[in-house]
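A quick write-up on the structure given underneath.
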Amino acid sequence: MKILFCCHGNICRSPMAEFVMKKLAAEAGRDDLFVESAALHTDEIGNDIHPGTRAQLRAHDVPFVPRAAWLLTANRAKAYDLLIGMDEANVADLRRLVGPADRGKVRLLLAFAGLDRTIDDPWYTGDFDATYRDVRVGCTALLEKLAQAPLSRIS
């Protein structure tokens, strides 16, 4: 299964989710999950993970590697089973970007935890602690859902 986490610039929330999910999947023995992250806008293309995100990952012993933010295209989106946004703007961007056949893959991360709210962008809030907590809740719930149900029934 291929999971893609998306946010505005791909330097804060989505790479945080990518590496948190990779760690959780490894701990659960889920080597069947392929996880990446991408940008929905060009602001940060080519840039590495934000220092605030790196600090949170280090603080929580989440392994990560240097990377460059990249822009998702409709063609590349076809390769993924789940396209996960961090907030409503990300979800709207994803739905506009992908073709009709791929719109059913679009989800909001915290919805997996049964929460009707989004993950605030720490680029604006400066609160990388809150972002980490939310990402961890969403990724944990997603992993649990994947263990319980086939992809077609994931909501």
Who passes side chain to side chain donor-acceptor pair (under 3.5 Å) against Lys23, sequence neighbours left out?
none
Applying salt bridge (Lys or Arg N to Asp or Glu O under 4.0 Å), which residue pairs with at least one partner in residues 40-69 are found, sequence neighbours left out?
Glu18-Arg67
Please report the interatomic distance CE(Met16) to CE(Met21), rounded to the nearest 0.5 Å.
15.5 Å
Grab the two heavy atoms, one from Val20 and one from Cys139, that are nearest each other, plus how far apart they are.
CG1-CB, 4.0 Å
First locate atom OG of Ser37, then atom CD1 of Ile11, and finally report the distance between them rounded to the nearest 0.5 Å.
11.0 Å
Mind checking who shares a hydrophobic cluster with Leu4, ILVMFWY linked at side-chain heavy-atom distances under 4.5 Å?
Phe34, Leu40, Trp70, Leu72, Tyr80, Leu83, Val91, Leu94, Leu97, Val98, Val106, Leu108
So, taking the atom named CZ in Phe112 and the one named CG in Leu143, what distance separates them when rounded to the nearest 0.5 Å?
11.5 Å
Between Lys105 (side chain only) and Lys78 (backbone N and O only), is there a donor and an acceptor less than 3.5 Å apart?
yes
Tightest non-hydrogen contact, residues Ala39 and Asn10, listed as N-CB, 3.3 Å
Pairs in or reaching into residues 90-100: which pass side-chain hydrogen bond (donor to acceptor under 3.5 Å, both in side chains), with residues at least two apart or in two chains?
His41-Asp93, Asp87-Asn90, Asp93-Arg96
Leu24 CG to Leu142 CG distance, which is reported to the nearest 0.5 Å
9.5 Å
Does the pair Val35 and Phe19 meet the rule for a side-chain contact (heavy atoms from CB on, under 4.5 Å), with working shown?
CA-CA 8 Å; Val35 181; Phe19 291 109; over 6 Å; no
Identify the heavy atoms of Ala17 and Met86 that sit nearest to each other, and give their distance.
CB-CE, 4.0 Å
Just to verify, what does Arg30 make a salt bridge (Lys or Arg N to Asp or Glu O under 4.0 Å) with, not counting sequence neighbours?
Asp32
Can you list, by chain and residue number, the hydrophobic cluster partners of Leu71 when the side-chain cut-off is 4.5 Å?
Ile45
Taking salt bridge (Lys or Arg N to Asp or Glu O under 4.0 Å) as the cut-off, I'd like each qualifying pair that reaches into residues 112-123, sequence neighbours left out, listed once.
Arg13-Asp121, Arg117-Asp134
For Phe128, ring-ring contact (aromatic ring centres under 6.0 Å, His included) partners two or more places apart
His50
The reported gap from CG in Leu82 to CZ in Phe5 (rounded to nearest 0.5 angstrom) is 8.5 Å
Applied to residues 122-132, the side-chain hydrogen bond (donor to acceptor under 3.5 Å, both in side chains) test, sequence neighbours excluded, yields Gln56-Asp129
Using modelled atom types only, decide if a donor and an acceptor are shared between the side chain of Thr140 and the backbone of Arg136 within a distance under 3.5 Å.
yes
Where the side chain of Ser14 meets the backbone of Cys6, is there a donor-acceptor pair that is under 3.5 Å apart?
no
What distance do Arg133 atom CZ and Ile119 atom CD1 have between them, rounded to the nearest 0.5 Å?
12.0 Å
Suppose we screen for side-chain contact (heavy atoms from CB on, under 4.5 Å). Which residues come up paired with Asp31, at least two apart in sequence or across chains?
none
